Amino acid sequence: MSGVVSYLVFFATMAAILAIVVLGLNLQWGYTGLFNGGVAAFFGAGAYVTMLLGGRPEPGQFGGFLLPFPVAIAGGILFAGLLAWFFGALTLKLRHDYLAIATFGVAVALESVARNAEWLTGGAKGLRGFPRPLEASIADNFLYGLFFLALVLAVLAAVYVGLERLVRSPYGRALRAIREDEEAARSLGKNPVRLRLQSFVIGSMIMGAAGGLYVAFYAFIGPQDLAPILTFQVWAMLIVGGAGNNRGAVLGAFLIWAAWTASGFALATFAPQAMQLYTGPIQYILIGSVIVGMLLWRPQGILPERIGQGRR
Amino acid sequence: MIQNVLDGVLTGAVISLGAIGLTMVMHMLRFANFAYAELLAIGAYAALVFDKVLAALAPVLASAFKPLTLSASLALATLLAMAITGASAVLLDWLIFRRIRAKADALSMVFASFGVALIVRNAITLAFGHDAKLFSKDIAFATVLSTDPLILVKADQVFVLIAALALMAAFHIVLTRTAFGFALRAVAENPNLAQVAGVRLSTMIVSVWLIGGAFSAAAGVFYTLTNHLSPALGHNFLLPVFAATIVGGIGSVYGAVLGGFLVGVASALSLAVLPSGYVPAMPFLIILAVLLLRPHGLFGEDQA
Amino acid sequence: MTAALTIEALEAGYVRDLPILRQVDLVAERAKLTVIIGPNGAGKSTLIKAVAGLVPVTSGRVLLDGQDIAGIRPDQMGALGLSYVPQTDNIFRHLSVRENLALVLRRVPEKQARMAELFVLFPALAQKRADRAGSLSGGQRQMLAIAMALAPRPRVVLMDEPSAGLSPKIAAEVLALARSLTRQDVTVLLVEQNVKQALGVADHCYILAEGRNQLDGPAAAILADPVVGEIYLGGKRMSAA
């Protein structure tokens, strides 16, 4: 029984971390119409920098500065934001899909750095050893799990409330205005490039924050955490929940993470031995089908955008 | 160093072939198609299957043209694969992209293309397995062109380069000498006026997918002839073909060809400086350089 | 007198439920030059684009020699005998003069002979046949655009402000060319801002305002009408209200 509960706590913590990423993407894609092809990169950037700043020192390894968790995660958030600012400033003036290509490229580049720059990232074996916040004060593992879940949920709630305020403010209306009709927004004195860049940077910083929490949760980060599948999962969560609706984003994160976990479990339990090697591809096909199917048949998601006219 | 350039030219030819169709599709349908590079994998695997079938039906076809490892059955299989891949590209457009195009914005198309790529790549993995495949188990011996510095060239590599250039030359002739080529160029420049001039857009979209699919299949086969084949082929070529397209300027066929060679050579040269693990990131650095210096590419006209 | 092109109660616009044209009627007599004039935003260009198949028609009919062509795709119009010359961007700049013509002659029988005829008709283009169309002067571009429209031997030619942006001398040449087409049994329907010159060469004139018919009559009568003269020729524009 306690095994089930502690698994549920574990599951909810991971789903909540992913929900934070989805909220960041929702600001970019749902409210501003920006395509982020490298969600995993901004999540990973936040995670690695948090690890470098707050992790334990290892011989022959850069980083491990043992900074307090809030400082370390702030560094991760800042780095994710800088990365977004640099590539956003380069591409947001151009054809809309350049951002998609550039962010996809960032993800590929960052993954290859994570795999190869051993002095910095630990290479394929990744980085481990992270003093989790207040770990010393809460001795019991189960209680600590509950505490960490509460921490993640608090961050999720803060991000949710912050974004809700943001999108309902005049600033949020301006973002939607440039998404719907850039020319009209421009004629009203809005600067579409600057607004888009701000939205892109804020969204990426939220992803970076989730990456920092992830590192604190697992006390580990490796190149496989930056794999493109994370980007696909997060997209599927947003489109299932409903782009342009923050409640939908959170709902989608929990639903898709549950489906992903359940399908992985089912395949591992019931699929014949010979198929075990192929559970990954089967799950990837499912994620791809969810994305394409939603776009074809219910592009507005489970909870459609409520404010304004909605996406065409 | 010279060996790197030679290898780079060869990879460049493959990238160029892949980028020709991508630049046309991106220009005409106005979306970055992240499923496009999967056409290389579809083509290579289709050729693998056809080669086996043909060799089984008519064993006489299976012997290689020495010193190439290429056999008559593989040559025929490549032609069949080009047709099948072109048809697959049309089918994917018809089943998915056309329907999304009809009701949603271009970004939904980009989004859908990622989903399609994921499905295609993993369906290939399920069908053929993770492990690397080869067209022929024959060992292709390299000719030593020079011992100091050591420069090795395989007959297959020379063949691939010539065949790729021949395909590009044939396409150049189509573009510059035939009314169909004029129509392709007309649609690229001004789709509305092209319609007024009697060009049916839907026919042109189908044509571009067919050409792109066929060229991608050739690219996939050519790459596999000189390397090996795994389901990651499409993923590995995605960023290089995008880089070639952006370097050349979206919509410019000649830019894509030049861009392909540039990306191939630059990636191969980077091997001399960087550890091989970083090579996948090289096309990204090229994209960055182009975005910084000349955002619309060498020949591009597409504006935001 | 027979009608080559008849427009009946036409409603058309880019957005559904927001027609730009409301119940427009028009008859273009065979082998005559009919001009459409009117203030900016009257829907003149939209009218001929709707006829050419480029603007969706929501109701009404467009009869080309009795056949309803409303709703037919723009690329099929040439084969039906109708050509359209857009106002701007009416040639392919990256194609040579010869390639531009070869494109529109794709489905025309004896295309080489037809191309030779066109080069006789437009000697300035013959000299530049190998040049990129983007390198032509404004007048030459307009000639090429008209040559492209004439290439498949249409029965009806639509022109959207063919004299726009040209010097007065070249503008007069272009309008004279439009006039000369009627002598070869071609029906011409053109939109013009250059009202005085256009009425000088036209047989019949329609005045459009706010997407509706205002007035029509023989070009000479319209030119002589003091009220019309006041509104359209004296430089004063009809107010939008």
Side-chain angles (χ1 to χ4, degrees), chain A residues 29 33-35 37 86-87 90-102 104-113 115-117 123-124 179 182 193 228-229 231-232 235-236 239 243 275 277-278 280-297 299 311-312, chain B residues 26 30-35 95-96 99-100 103-127 129-130 231 235 238-239 242-243 245-246 250 274-288 291-292 295-296 300 302-304:
Chain A
W29 163 268
L34 299 174
F35 196 97
F86 180 74
F87 292 105
L90 261 182
T91 52
L92 282 172
K93 285 191 282 277
L94 302 169
R95 222 178 101 152
H96 56 71
D97 42 13
Y98 273 70
L99 181 68
I101 299 169
F104 178 78
V106 175
V108 172
L110 229 60
E111 198 188 339
S112 75
V113 171
R115 273 188 204 290
N116 295 286
R179 183 192 72 191
E182 178 169 345
V193 174
I229 189 64
T231 303
F232 294 117
W235 285 344
I239 188 144
M275 286 302 291
L277 199 53
Y278 294 99
I282 292 170
Q283 283 188 293
Y284 295 173
I285 290 176
L286 289 176
I287 285 282
S289 308
V290 164
I291 290 173
V292 173
M294 289 301 289
L295 282 169
L296 281 176
W297 293 296
R311 297 179 66 76
R312 271 163 295 138
Chain B
M26 262 181 89
R30 302 204 62 80
F31 80 104
N33 185 351
F34 282 83
L95 282 178
I96 294 165
R99 295 168 59 179
I100 292 173
K103 60 181 179 190
D105 52 4
L107 283 182
S108 297
M109 303 272 287
V110 180
F111 198 6
S113 75
F114 269 104
V116 171
L118 201 57
I119 295 171
V120 170
R121 190 181 315 142
N122 289 290
I124 288 177
T125 312
L126 282 186
H130 290 288
H235 182 71
L238 183 54
L239 216 43
F242 267 124
T245 301
I246 289 178
I250 297 170
L274 289 172
S276 65
Y278 289 104
V279 170
M282 192 59 203
F284 173 64
L285 293 180
I286 295 172
I287 291 175
L288 273 191
L291 291 182
L292 278 169
H296 298 296
D302 265 23
Q303 299 298 310

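Scope of the values below: all heavy atoms of this structure, side chains included, with no hydrogens, waters or symmetry mates. This is a predicted model, so every value here is computed, not measured.
For I287(B), the part lying under 4.5 angstrom from a heavy atom of chain A is the side chain only. Both the backbone and the side chain of L292(B) have a heavy atom closer than 4.5 Å to some heavy atom of chain A. Of the two parts of T231(A), neither the backbone nor the side chain holds a non-hydrogen atom closer than 4.5 Å to a non-hydrogen atom of chain B. With a 4.5 Å cut-off on non-hydrogen atoms, I285(A) touches chain B through its backbone and its side chain both. For chain A, the nearby part of H235(B) is the side chain; its heavy atoms alone come within less than 4.5 Å. Contact of V290(A) with chain B is not made at all, since no heavy-atom distance falls under 4.5 Å. The parts of P295(B) that come within reach of chain A are both its backbone and its side chain, each placing non-hydrogen atoms under 4.5 angstrom from that chain. With a 4.5 angstrom heavy-atom cutoff, L110(A) does not touch chain B via any of its atoms.
The candidate from F31(B), Y278(B), F111(B) with the greatest count of non-hydrogen atom pairs under 4.5 Å with chain A is F111(B). No other option in L90(A), V108(A), I101(A) has as many heavy-atom pairs under 4.5 Å with chain B as I101(A). For chain B, the option among I287(A), T91(A), V106(A) with the highest count of heavy-atom pairs below 4.5 Å is V106(A). The greatest number of non-hydrogen atom pairs below 4.5 Å with chain B, out of I239(A), I291(A), L296(A), is found for L296(A).
Partners of F114(B) according to the ring-ring contact (aromatic ring centres under 6.0 Å, His included) rule, which considers only residues two or more places apart in sequence or in another chain, are F35(A), F104(A), F232(A), W235(A), F34(B). Listed by chain and residue number, A41(B), I42(B), Y45(B), V120(B), F128(B), P231(B) satisfy the side-chain contact (heavy atoms from CB on, under 4.5 Å) test with I124(B) (two or more places apart in sequence, or in another chain).
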